[in-house]
Amino acid sequence: LLFVLALLPMMASADAVEINGIYYNLNSETNQAEVTSNPNKYTGNVTIPDKVTHENVEYSVTSIVADAFYRCEFLTSIKIPGSVTSIGSNAFRYCNGLSLVIVKNQAPPAIDVSTFSYRAYVTLYVPKGSKEAYENADYWKDFKEIKEFANDEELNFSRRTIHVETAGTLSTLISANEKYLVEELTLSGELNGTDIHLLRNMAGVNLDNMDGEFFINMRAAETCGQLS
């Protein structure tokens with residue numbers, strides 16, 4: 001009996017199905033899917049869909065299992081669909097690179113104290129009108145800050161257009177969480193050395209010789225300040 005029980009976790013792992021980079025346990029009886037762990041660890045910005053299709057069968061994604069993202073240290077952000085109603089223990093434990101969590105469910109999914117171990121340092125985005133519910137929900141209320149979004153366009157942090165009215169204030173227009181998510185930034189207005197230092201930090205390269213994927217477009221039609 002003990003031997004059989006020890007094999008159960010391996011059997012569950014073997015049954016996991018990878019769909020577009022995310023692993024799921026699929027229940028053919030209920031047509032429900034739960035997000036499970038990636039043997040190579042999840043990294044970067046991960047968006048979980050509300051539905052997945054496997055072998056011409058559609059499954060609704062309803063949960064994230066325990067330990068699914070455990071120690072995914074290079075996970076930057078996670079977007080959780082409204083269909084998810086529960087997130088297991090340790091699901092995001094020790095994800096020390098996680099800076100942004102987006103939840104599309106108006107009602108806070110069930111979690112416990114270990115689900116998000118670094119939540120005190122993470123910004124949480126929730127649907128418009130649901131902020132109070134999350135502020136009053138156990139463990140969700142412990143996030144660093146809780147913000148509302150009205151539509152998906154407001155969640156497009158990878159592409160930003162910003163006008164800097166006063167030189168040296170760019171850091172007040174890009175949050176500490178967002179600066180590592182932006183991939184394309186269009187700037188106009190007045191810039192100074194402080195702003196350029198922030199841009200170099202975001203790009204991870206010298207702006208005088210940019211080879212990285214991060215792209216900055218200084219609008220020529222606008223008045224730009226000194227870049228030194």
Side-chain angles (χ1 to χ4, degrees), residues 3-95 97-112 114-116 122 124-130 133-134 137 140 148-159 181 183-184 213:
F3 177 73
V4 173
L5 289 175
L7 284 178
L8 287 179
M10 290 186 285
M11 292 172 61
S13 178
D15 291 337
V17 175
E18 186 269 328
I19 304 174
N20 295 326
I22 300 177
Y23 286 76
Y24 303 90
N25 296 323
L26 305 178
N27 188 322
S28 58
E29 294 182 357
T30 63
N31 283 3
Q32 293 182 341
E34 55 184 17
V35 178
T36 189
S37 58
N38 180 338
N40 298 314
K41 299 293 185 182
Y42 295 102
T43 62
N45 305 318
V46 175
T47 296
I48 300 172
D50 58 353
K51 295 178 181 179
V52 293
T53 300
H54 180 65
E55 296 182 347
N56 296 320
V57 178
E58 186 175 79
Y59 297 83
S60 177
V61 181
T62 58
S63 63
I64 300 173
V65 304
D67 301 322
F69 293 81
Y70 182 78
R71 286 196 183 278
C72 289
E73 298 177 354
F74 297 102
L75 179 71
T76 305
S77 71
I78 183 75
K79 187 181 294 185
I80 301 170
S83 57
V84 169
T85 58
S86 67
I87 306 174
S89 299
N90 301 313
F92 293 92
R93 192 173 182 84
Y94 302 131
C95 294
L98 185 64
S99 63
L100 184 65
V101 172
I102 299 167
V103 182
K104 290 192 168 185
N105 198 331
Q106 288 278 348
I111 63 174
D112 66 27
S114 69
T115 302
F116 293 95
V122 179
L124 172 65
Y125 276 82
V126 299
K128 186 175 182 179
S130 65
Y134 281 86
W140 290 110
E148 292 186 330
F149 65 90
N151 51 60
D152 285 344
E153 185 61 30
E154 295 183 7
L155 299 175
N156 185 13
F157 300 110
S158 64
R159 181 175 298 175
L181 302 177
E183 297 174 359
E184 182 175 325
E213 296 180 356

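- The NZ atom of Lys41 sits 11.5 Å away from the CZ atom of Phe74 when rounded to the nearest 0.5 Å.
- Of the possible donor and acceptor atoms, one in the side chain of Thr115 sits under 3.5 Å from a partner among the backbone N and O of Gly88.
- Residues Ala33 and Tyr59 share a closest heavy-atom pair of CB-CB, 3.9 Å.
- Heavy atoms from other residues, nucleotides or ligands lying under 6.0 Å from CG of Asn151 number more than 12.
- In this structure, the separation between OG1 on Thr47 and CD1 on Ile102 is 7.0 Å, given to the nearest 0.5 Å.
- In this structure a side-chain-to-backbone donor-acceptor pair under 3.5 Å is present from Ser114 to Asn90.
- Two residues are said to be in side-chain contact when any heavy atoms from C-beta on lie closer than 4.5 Å; Ile87 and Ile80 meet this criterion.
- With rounding to the nearest 0.5 Å, the separation of OG1 in Thr85 from CD1 in Ile64 is 10.0 Å.
- The nearest pair of heavy atoms linking Thr53 to Ile19 is O-CD1, 3.9 Å.
- When side chains are defined from C-beta on, Phe116 counts as touching Leu98, because their heavy atoms get closer than 4.5 Å.
- Residues Asn27 and Gln32 have side chains that never bring a donor and an acceptor to within less than 3.5 angstrom of each other.
- The aromatic rings of Tyr94 and Tyr70 sit perpendicular, their planes meeting at an angle over 60°, well past the 30° parallel limit.
- Rounding to the nearest 0.5 Å gives a distance of 8.0 Å between CG of Leu75 and OG1 of Thr43.
- Within the model, atoms OG of Ser60 and CG of Asn31 stand 9.0 Å from one another, a figure rounded to the nearest 0.5 Å.
- Taking 4.5 Å as the limit, every side-chain heavy atom of Val103 sits out of range of all side-chain heavy atoms of Pro108.
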Going through the distances and angles, do Cys72 and Phe92 end up as a side-chain contact (heavy atoms from CB on, under 4.5 Å)? CA-CA 8 Å; Cys72 289; Phe92 293 92; over 6 Å; no
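- Aromatic ring orientation, Tyr23 versus Tyr42: perpendicular (interplanar angle above 60°, classes split at 30° and 60°).
- Without hydrogens or angle criteria, Glu148 side chain to Ser130 main chain gives a donor-acceptor distance under 3.5 Å.
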For side-chain contact (heavy atoms from CB on, under 4.5 Å), just list the numbers for Val35 and Tyr24, CA-CA rounded to whole Å, side-chain angles, deciding distance to a tenth of an Å, and then say yes or no. CA-CA 5 Å; Val35 178; Tyr24 303 90; 3.8 Å; yes
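- Asn105 places a side-chain N or O within donor-acceptor distance of the main-chain N or O of Val84, the cut-off being under 3.5 Å.
- Scanning both residues, Ile22 and Pro49, for their nearest heavy atoms gives CD1-CD, 4.1 Å.
- To the nearest 0.5 Å, the span separating OG on Ser89 from CD1 on Ile111 amounts to 10.0 Å.
- For Lys104 and Asp152, the salt-bridge test passes: some basic side-chain N is under 4.0 Å from an acidic carboxylate O.
- Here the closest non-hydrogen pair linking Val65 and Glu34 is CG1-CD, 3.2 Å.
- Residues Ser37 and Phe69 are not in side-chain contact: their nearest non-hydrogen atoms beyond the backbone lie 4.5 Å or more apart.
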